[in-house]
Protein chains: 2
Amino acid sequence: MKSEDCKSLDPTAPGKRESGDDRRIAVAKAARAIIVEKGLEGLRTRDIAARVGINIATLHYHVPTKEALVALVAESIRAEFRAQALRNSREGKTGLEQLHLEFDDFRETAREMPELIIILTELVERARRDAAVAAIVLPLHRFWRGQFADIFRLGIADGSFRPDLDPEAAAMIATGALSDSWRRPDTSPSLVEQALAELERAFIRRP
Amino acid sequence: MKSEDCKSLDPTAPGKRESGDDRRIAVAKAARAIIVEKGLEGLRTRDIAARVGINIATLHYHVPTKEALVALVAESIRAEFRAQALRNSREGKTGLEQLHLEFDDFRETAREMPELIIILTELVERARRDAAVAAIVLPLHRFWRGQFADIFRLGIADGSFRPDLDPEAAAMIATGALSDSWRRPDTSPSLVEQALAELERAFIRRP
DNA sequence: CACTCCATCAATCATTTGATTGAGAGGAAA
DNA sequence: TTTCCTCTCAATCAAATGATTGATGGAGTG
């Protein structure tokens, strides 16, 4: 254990040295904040260093290149999504119940970590050109979509959803609608709720 | 005699001078091509000038600042979407028929102008920080969504769609799913077709 | 022809920005 | 203490990048 002292993010930071891992975490956090403010496009190594309270060279010591920096951010995002996805157990639930759980997860993430999707969007955008980012970010989305597809498959089997439902297509619609609504700055929370309700009506089995 | 030569890249530009409007159009076109290649982030005034075949100073003569340049691109995108949206008449069609027309428009745009959505995505992304871009791009999306909402309203009235359909929410789902599927690089055309079919089943009235 | 304006260019400026270098402080191990 | 490794910084570089300046040729007009 090397660093029981500082940890104060920026203001005073009396302690002199920090372990490498902690620094990398702090760097990722600062980078994410800047991405939220100015976008990936406006991400500057100097700004990160300033926010963490270290020298540019020190930043480069911990994260050698900017590309690695972006990859680090992508990693930190993935970790958070992964953790969130595994919080609620889906065991023994019907398809519809699991869909509701999925919606709850979505609401919770939107409420408590709204910056996550902003960063994720920027990363997806960059993934089109950056293979390293794509390798981290695209599987993340596929995982999310796959989870919806599983839920729909289960729900068709247990009678929650329409028999003629196409699980893959429905999963694509659901994730697409959710991520798009999340991304847009001009969507009110109530409209999101309407969309969630409408998604349920769209896929549910009718008597 | 300084510039009898250049113009090499653009086949339609044998003469020396071009009218201001034509230049601006050429600049917008070049900028869009570069955005597709490298993203808004990789857009450089020099690259644009080189592609158009003019000097950087000349570029700045026509488009004073980079911000204005981005706004110009946004304008050109809007014009194209607007033109596309008004091509097919919706008169006298049922809600379902109009939905099909909307799907056709989507397929056509995806097929013939796939770069449009790439640029639009970048612009939407930037709209979060750039009010000038937001003023052009956000209304564009609202228009699209509004068109879907109108179709759903009509379709509910004429019996094409479910009576309990929420037009606004359905429009949000439809546009969200479509734009998201368009944006993602890893969605196959067949999956898009599946999604379109599923969207129809999701909203249609059941006997 | 004389005058004016549009469009253009070469050259250059002033910053920004990612990255590097070389030196040094502090702790742990020998 | 000496040695070695980790972590840190001031100083600096080289490239890029948006923007500006001053001058020039040509078209249109009176």
query = Please, which pairs that meet salt bridge (charged side-chain N to carboxylate O under 4.0 Å, His left out) have at least one residue in residues 58-72 of chain A, sequence neighbours excluded?
reply = none

Under 3.5 Å donor-acceptor pairs involving side-chain atoms of residues 125-139 of chain A, not counting sequence neighbours:
| unit_1 | atom_1 | unit_2 | atom_2 | d |
| --- | --- | --- | --- | --- |
| A:Glu125 | OE2 | A:Arg128 | NH2 | 3.2 |
| A:Glu125 | OE2 | A:Arg129 | NH2 | 3.3 |
| A:Arg126 | NH2 | B:Glu41 | OE1 | 3.0 |
| A:Arg126 | NH2 | B:Glu41 | OE2 | 2.2 |
| A:Arg128 | NH1 | B:Val36 | O | 3.1 |
| A:Arg128 | NH2 | B:Glu122 | OE2 | 2.9 |
| A:Arg129 | NH1 | B:Lys38 | O | 3.1 |
| A:Arg129 | NH2 | B:Glu122 | OE2 | 3.2 |
| A:Asp130 | OD1 | A:Ala132 | N | 2.9 |
| A:Asp130 | OD1 | A:Val133 | N | 3.3 |

inquiry  = Please report the distance, rounded to the nearest Å, between CD1 in A:Ile56 and C1' in D:dC7.
reply    = 16 Å

Output side-chain donor-acceptor pairs under 3.5 Å for residues 143-151 of chain B, partner residues at least two apart or in another chain, one line each.
| unit_1 | atom_1 | unit_2 | atom_2 | d |
| --- | --- | --- | --- | --- |
| B:Asp150 | OD1 | B:Arg153 | NH2 | 3.2 |

Rounded interatomic separation in angstrom, taking CG from A:Leu59 and P from C:dT17 = 14 Å

query = B:Phe106: what forms a ring pair (Phe, Tyr, Trp, His ring centres under 6.0 Å) with it, not counting sequence neighbours?
reply = B:Trp182

request  = Could you tell me whether the phosphate oxygens of C:dT8, OP1 or OP2, come under 4.0 Å of any side-chain nitrogen or oxygen in B:His62?
outcome  = yes

remark   = From CG of B:Asp47 across to C1' of D:dA15 the rounded distance in Å is 14 Å

request  = May I ask you to evaluate whether A:Asn55 reaches the phosphate of D:dA10, defined as a side-chain N or O under 4.0 Å from OP1 or OP2?
outcome  = yes

query = Does a side-chain N or O from B:Thr58 land closer than 4.0 Å to OP1 or OP2 of C:dA7, or not?
reply = no

message = What's B:Ile48 touching, base or sugar-phosphate or nothing? Going by heavy atoms closer than 4.0 Å.
response = nothing

query = Which residue lies toward the 5' end of DNA chain D, B:Ala57 or A:Tyr61, if each is placed at its nearest nucleotide?
reply = A:Tyr61

query = Are B:Glu198 and B:Arg201 within salt-bridge range, i.e. N to O under 4.0 Å?
reply = yes

request  = Specify the residues of residues 65-77 of chain A, ordered by number, for which at least one heavy atom lies under 4.0 angstrom from an atom of DNA chain C.
outcome  = A:Thr65, A:Lys66

inquiry  = Of the options D:dC13, D:dC9, D:dA19, whose atoms approach the side-chain atoms of A:Arg46 most closely?
reply    = D:dC13

request  = Would you indicate, yes or no, if D:dT17 has its OP1 or OP2 atom less than 4.0 angstrom from a side-chain nitrogen or oxygen of B:Thr45?
outcome  = no

inquiry  = What is the separation between atom CD1 on B:Ile54 and atom C1' on C:dA7, rounded to the nearest whole Å?
reply    = 10 Å

note = Atom CG of B:Leu43 and atom P of D:dA19 are separated, to the nearest Å, by 11 Å

key: Interatomic distance where CZ belongs to B:Arg24 and C1' belongs to C:dA7 [whole Å]   = 14 Å

key: B:Asp21 CG to C:dC6 C1', straight-line distance once rounded to whole Å   = 13 Å

query = By side chain to side chain contact (heavy atoms under 4.5 Å, CB included), which residues pair with A:Thr94, not counting sequence neighbours?
reply = A:Leu96, A:Glu97, A:Asp158, A:Ser160

query = What integer distance in Å separates B:Leu40:CG from D:dG18:P?
reply = 12 Å

message = Among A:Arg44, A:Arg51, A:Arg32, exactly one meets salt bridge (Lys or Arg N to Asp or Glu O under 4.0 Å) together with A:Glu37. Which residue is that?
response = A:Arg51

N/O (side chain, B:Arg44) to phosphate O (OP1/OP2, D:dA16) under 4.0 Å = no

D:dT8 phosphate, OP1 or OP2, under 4.0 Å from A:Arg23 side-chain N/O = yes

